[in-house]
Every structure is written in C-alpha cells, then in structure tokens.
Amino acid sequence: MPHSLILNLTPQSPIYPEFLSGRHFHALFLTLVSSVDPTLGDYLHSSKADKAFTLSPLQVLREQGRKKFQTLQWEHQKPILAGTSCWWRISLLDDTLFSKLTSLWLNLNPKHPWHLGSANLYITSIQGTPQSTQPWANACTYAQLYEQASQSDRTLNLAFATPVAFRQGGYDTALPSKECVFNSLLSRWNKYSGIEFTNISFESIYPSFFNINTEIISNYDSKFIGCVGEISYRILGDVEPLVIKQINALADFALYAGVGRKTTMGMGMVRRG
C-alpha cells in the first residue's frame, strides 16, 4: 500500500541553503528511520537497489502560488528563517517500510528536535489523507489504485513538479518520452504492487500537449539537468480496455512513485492533473 505523507515542520534556527539539497533531505529521512529501526536505517543507507521511498525538497508555505499545476521549490537562495512554516513529503511504496515506521508516526513528539544541517527542526504534525490545500497527501492500496483506474479515459495529464531526468545507457536525458515515463512507473509498480503488468505496451501513447522546460540544478554532487512543467499524453487507436486501465493505474501511481532519477533526493515528483 503506497502512502504519501506530509510532514509539517518548523525550524528553530535558520536553515542555510547549503543544507537544503537532496543529499541532506536523504540523510534526515535515514535519521528518522534509524530512530525507530537502526538496522533498517543502515540497510537503506547501504542499498543500491531501487528504494521503496521518495522524498520532496523542503517547501515553504508562504511561497506556494495559485497555479493548478504547482511546481515545487527545489532550490533556495536564501536561508529559511526560524519559525517558518514548512512541509516535506515522504512517500512509502511498500507496507513493510510503512509498518516499521508506524511507531515513529504514532509517538511523534513535537518538541523533539531533528537536525537538518546546523538547524533544529520540530515535526509538528503529519498528514496522510487528501486535503483541499495539500494535494500531495494521500494513501491507497494497490488493489484500490487498480480497481479505481479508468478503462476508458484516454487522456493522461501529468505535472512534473520537480526536475525529472531519466537514465538511458550511461547518460541522462531530460526529455519525458512516453517510454521513459511509463517504463519508470511500470518497473516500480511491478516491484511493489503485487499486481504485475506483464504484457503491457506503450505504443498507443502519444504526447498531445506539453508546456515544459529544462532546469539545471547545481547543488548535487554533479550538475543535474531535468524537466519541469505539464505534459498530456493521449491513448490513440484500437486499444483494449484492460490496457487502458493498466496505463491509467500507472498514471495514478505517479503521485507516490515519482519518475526517473534521484526520487529519494527530491527529484522526479509527478502527479496527475
């Protein structure tokens, strides 16, 4: 069962830009995990396999705009000041990981400081269900995701909220081709859902609208070039309802799984429009 959890945070001292990179968010998550299960924290730290979680960059509430397809902030030029209301998204793709962290959520102490760089943070609350003001919070079983997926909807609107890039051979590509996007979703779906899609084809998917641009991020170990914006795909031709349903399930799954590279460091955040 995938979960998309929003942690509401308040820093007690300024968070400086050099500590607002994906590497630091990744370290904070591992610290949270290790606080309840040190062995699991060590495993996630050392594992090179596709990991069952994704993270967002830290978001400042007052900086949110009104666009329907809201891109998120992935770089900060100025410190986040003490007392600023922030949120941070953690998605978990399998029940084992969620259940091992249950005691963390249930026994949350809003006065216990967590560290992001030199700053102390308080986690004031956690949201795990949809809110009108917070579209990134949700939870749904894989069976429900599949059952609720449309077998007739041929329009797939996706919003890339943080930069998206894909590995092809030994190099990165920032262009969200149908193969890159849907194969990324398919591999994570097949690994975690228990409802494997074995003979699915993406040949019928075509981009019909896009408003995308590239972004260059310099606060990673090496320069990261990704794509942000909106893209719509259409399912065209004579396609079985079963295949349409599977493709829709993958598009709905994007909220939890993200796509492409560095999803455990804030990149590749996607949701359906």
Side-chain angles (χ1 to χ4, degrees), residues 1-2 4 49-54 69 71 91 93-94 135-136 138 140-214 225-264 266-273:
M1 177 174 179
S4 183
D50 186 75
K51 296 175 182 176
F53 66 93
T54 80
F69 294 110
T71 55
S91 79
L93 301 182
D94 74 13
W136 290 98
N138 214 330
C140 185
T141 68
Y142 283 104
Q144 286 174 320
L145 267 177
Y146 182 68
E147 289 304 318
Q148 293 170 6
S150 172
Q151 61 180 12
S152 59
D153 188 354
R154 290 173 171 259
T155 301
L156 311 160
N157 300 320
L158 298 178
F160 302 133
T162 62
V164 172
F166 305 90
R167 201 70 165 171
Q168 286 193 319
Y171 303 97
D172 282 1
T173 177
L175 190 66
S177 67
K178 63 184 180 183
E179 293 85 3
C180 286
V181 171
F182 288 95
N183 279 318
S184 177
L185 291 168
L186 178 64
S187 66
R188 291 172 193 175
W189 175 272
N190 281 348
K191 181 170 184 177
Y192 299 112
S193 71
I195 309 170
E196 193 169 351
F197 299 160
T198 52
N199 296 310
I200 188 171
S201 169
F202 302 130
E203 290 183 7
S204 60
I205 300 175
Y206 292 86
S208 58
F209 166 85
F210 42 89
N211 179 18
I212 56 176
N213 60 277
T214 51
I225 302 173
C227 162
V228 295
E230 306 160 45
I231 190 164
S232 294
Y233 302 95
R234 288 277 292 160
I235 302 172
L236 301 178
D238 185 16
V239 183
E240 293 179 40
L242 174 62
V243 174
I244 295 175
K245 186 179 185 69
Q246 291 175 335
I247 292 172
N248 273 286
L250 293 177
D252 295 338
F253 179 51
L255 171 74
Y256 305 97
V259 298
R261 300 195 62 222
K262 295 188 183 291
T263 53
T264 61
M267 298 297 100
M269 288 184 70
V270 181
R271 65 185 174 89
R272 191 168 182 172

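FYI, the numbering just counts along the sequence from 1.
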Q | Shortest non-hydrogen separation from Gly268 to Val164 and the atoms involved | A | CA-CG2, 3.7 Å
Q. CG of Leu250 to CG of Leu186: how many Å apart, nearest 0.5 Å?
A. 6.0 Å
Q) In terms of the angle between their ring planes, are Tyr233 and Phe182 parallel, tilted or perpendicular, with boundaries placed at 30° and 60°? A) perpendicular
Q: Go through the structure and list residues passing side-chain hydrogen bond (donor to acceptor under 3.5 Å, both in side chains) with Ser4, not counting sequence neighbours.
A: Arg89
Q.
If we ignore hydrogens and angles and just use 3.5 Å, is the side chain of Ser184 paired with the main-chain N or O of Gly260 as donor and acceptor?
A. yes
Q) Between Arg154 (side chain) and Gly237 (backbone), is there a donor-acceptor pair under 3.5 Å? A) yes
Q.
Is the shortest side-chain heavy-atom distance between Arg272 and Leu156 below 4.5 Å?
A. yes
Q | Reported CZ-to-CG distance for the pair Arg234 and Asn157, which is rounded to 0.5 angstrom | A | 9.5 Å
**Q.** CG-CZ distance between Leu175 and Phe166, expressed to the nearest 0.5 angstrom
**A.** 9.0 Å
Q: Please report the shortest heavy-atom distance between Ile247 and Ser204, naming the atom on each side.
A: CD1-OG, 4.4 Å
Q | Centroid-centroid distance, Tyr256 to Tyr142, less than 6.0 Å | A | no
Q) Does atom CZ of Phe210 have more than 12 heavy-atom neighbours from other groups under 6.0 Å away? A) no
Q.
Do Ser91 and Thr54 pair up side chain to side chain, a donor and an acceptor below 3.5 Å, judged on atom types alone?
A. yes
Q) Could you state the interatomic distance from NZ (Lys178) to CD (Glu203), rounded to the nearest 0.5 Å? A) 7.0 Å
**Q.** Arg188 side chain to Ala257 backbone, donor-acceptor under 3.5 Å
**A.** yes
**Q.** Minimum heavy-atom distance Phe160-Val259, with the two atoms named
**A.** CE2-CG2, 4.5 Å
(Q) Has Lys245 got a side-chain atom pairing as donor or acceptor with Glu147's backbone, closer than 3.5 angstrom? (A) yes
Q | Under 3.5 Å: donor-acceptor pair, side chain of Thr214, backbone of Cys227 | A | no
Q | Asn248 side chain vs Asp153 backbone, donor-acceptor pair below 3.5 Å | A | yes
Q | Spacing of OG1 belonging to Thr141 relative to CE belonging to Met1, to within rounding of 0.5 Å | A | 6.5 Å
Q. Under 4.5 Å between any side-chain heavy atoms of Phe202 and Glu179, yes or no?
A. no
Q. Charged N to carboxylate O below 4.0 Å: is that the case for Asp172 and Lys262?
A. no
(Q) As an exercise, state the distance from CE of Met269 to CG of Leu255, rounded to the nearest 0.5 Å. (A) 8.0 Å
Q | Minimum heavy-atom distance Trp136-Val270, with the two atoms named | A | CZ3-O, 3.7 Å
Q. Shortest non-hydrogen contact from Lys51 to Leu93?
A. O-CD1, 4.4 Å
Q: Please report the shortest heavy-atom distance between Leu185 and Phe253, naming the atom on each side.
A: O-CE2, 3.8 Å
